[in-house]
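Here's the structure, in structure tokens; my notes come after.
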Amino acid sequence: MLIVQKFGGTSVGDLDRIQNVANRVEKTVQAGNDVIVVVSAMSGETNKLVGYAEHFSKNPSAAEVDMLLSSGERVTASLLSIALNEMGHPTVAMTGRQAGIVTTARHTKARIEKINPIKMRNALAEGKIVVVAGFQGVSEEGVVTTLGRGGSDLSAVAIAGAIGAELCEIYTDVEGIYTTDPRIEPHAKKLDMISYEEMLELSSLGAKVLQNRSVEMAKKLNVNLVTRSSFCDAEGTLITKEENIMEQPLVSGIALDRNQARVSLIGVADRPGIAADIFNTLAVEEINVDVILQTVAHDGTTNIDFTVPMNEIENAKNIVKVFVDKDEILSTDFNDEIAKVSIVGVGMKSHAGVAAKAFTTMAEENINIRMISTSEIKVSMVIEEKYSELAVRSLHAAFELDK
Ligand code: ADP
Ligand code: ASP
Ligand code: MG
């Protein structure tokens, strides 16, 4: 069987842990499998490198940042490869480019356009273990790019899809996907299975256990995806098609996203197309706008509030300033002390009352809901950040996810 195994930052967090990963890979090989390993940088390393860049510039060139950040994953790929060699296994360590990963040129959040797996195939045919530096690729022009934070998950899934691996295992520091972040709610339960759709919502709404684009890709390419712990042998969580899951609970999980900021546009000119102009400009910059709220003021102008990821707030400010300068927006306000808490479950499609129960739960805790957005399978609420953990725990109990 051909297996892609991805090891996240904590799993390769120090030299002993890299040795532990080598032992695990060895076991998989000895069981008769071909293995492609994808690694993250050692935990904390990417943040450290970001800090180094910010020491010199508040606004460093994104191309240079990518060049810098891609080095973290190269270190672990090389070290793991050396460790495996020492155990008697032939290996080849590859950068994203060598693995054939071609991306858009959008630095720090590039998208994978295609993968040419020829070098990986040849190495496997020669009996080697392939070790790939995650989180990175190269643009058509040959410039190094990175795939957004948490992007090694995407590297692993995309490689598994491109090369037709039977299984893609994401090894991390928890035993799988839980009903909510087990670090916030110790009573969270591990799920045996979850559908791609629900996982996509959870990760898009803040559960960083899998990068959202990796789930999107797994769904599209039908990759068999398992999340499990690198520190024990417990079985993990299978992420699979909805129809493979026998019993669908009403609510599968709760996600918390503290990395959201609210943009308020006050006194927006009341003309057709203004919202399209603003949000198109944000989309061109690939800024993910989430909850949007529009209200009409007494004087005929409108107010528009929306949320963006915290690390996009400076970009968003620059964009809306253009509209202020054109007198199409009277004033703006920004608030990063907010959080978004969301409940997710495909069971909601056929049940009424989930949103009402969520709002009641917030009311009982005296938590003010600032914004709401819903879809067929989720309800998201924007609240004050200081209440975020309380909100998660009370919703977890209200929907009996600890049972
Ligand atoms: P890695 O470095 O292995 O990529 P991450 O830190 O990116 O790991 O993701 C793992 C973390 O995701 C866990 O330690 C956990 O705190 C967090 N997490 C958030 N929501 C969930 C969830 N629903 N199930 C499991 N883990 C979750
Ligand atoms: N090292 C990168 C990050 O910290 C990518 C990853 O770990 O998946 O975001
Ligand atoms: Mg991660």
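Quick note: residue numbers are just sequence positions, from 1. Values in this document were obtained by computation on a predicted structure and should not be read as measured data. Ligands are counted one by one from 1 in listed order, and the atoms in each one are counted from 1 as well.
Near Arg149, meaning under 4.0 Å from any of its heavy atoms, are these atoms of ligand 2: 3 (C), 4 (O), 9 (O). Heavy-atom proximity to Ser40, at under 4.0 Å, picks out these atoms of ligand 2: 6 (C), 7 (O), 8 (O).
Side-chain contact check for Ile18 versus Thr76: some heavy-atom pair is nearer than 4.5 Å.
Under the side chain to side chain contact (heavy atoms under 4.5 Å, CB included) test applied with Val382, the options Asn335, Asp290, Thr307 reduce to a single match, Thr307. Remark: of the listed residues Val289, Leu282, Asp305, Ile313, Ile313 is the sole one forming a side chain to side chain contact (heavy atoms under 4.5 Å, CB included) with Val263.
Side-chain N or O atoms of Asn224 include one that pairs as donor or acceptor with a backbone N or O of Glu166 at under 3.5 Å. Remark: the backbone N or O of Val144 is not paired with any side-chain donor or acceptor of Arg97 at under 3.5 angstrom.
Surrounding NZ of Lys119 are at most 12 heavy atoms belonging to other residues, nucleotides or ligands under 6.0 Å away.
Ring-plane geometry between Phe306 and Phe279 is classed as perpendicular, the angle between the planes exceeding 60 degrees on a 0 to 90 degree scale with a lower cut at 30.
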Give a table of atom pairs where an N or O of ligand 1 lies under 3.5 Å from a protein N or O.
residue  : atom   : partner : partner atom : Å
ligand 1 : 2 (O)  : Gly9    : N            : 3.1
ligand 1 : 3 (O)  : Thr172  : OG1          : 2.7
ligand 1 : 4 (O)  : Lys6    : NZ           : 3.2
ligand 1 : 6 (O)  : Lys208  : NZ           : 3.2
ligand 1 : 7 (O)  : Lys208  : O            : 3.4
ligand 1 : 8 (O)  : Thr172  : OG1          : 3.1
ligand 1 : 14 (O) : Asp173  : OD1          : 2.8
ligand 1 : 14 (O) : Arg183  : NE           : 2.9
ligand 1 : 14 (O) : Arg183  : NH2          : 2.7
ligand 1 : 16 (O) : Asp181  : OD1          : 2.8
ligand 1 : 16 (O) : Asp181  : OD2          : 3.3
ligand 1 : 16 (O) : Arg183  : NE           : 2.9
ligand 1 : 23 (N) : Tyr178  : O            : 3.0
ligand 1 : 24 (N) : Tyr178  : N            : 2.9

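Distances shorter than 4.0 angstrom occur between a heavy atom of Gly151 and an atom of ligand 2.
Checked against a 3.5 angstrom limit, the closest N/O atoms of Lys6 and ligand 2 fall outside it. Checking only distances, Gly150 does come within under 3.5 Å of ligand 2, N or O to N or O.
Relative to the six-membered ring of Phe334, Lys317 meets both conditions, a distance below 6.0 Å and an angle of at most 45° to the axis. Cation-pi geometry between Lys357 and Phe399 is met: under 6.0 angstrom from the ring centre, within 45 degrees of the axis.
Residue-level proximity to ligand 2 for Glu73 is carried by the side chain, the only part with a heavy atom below 4.0 angstrom.
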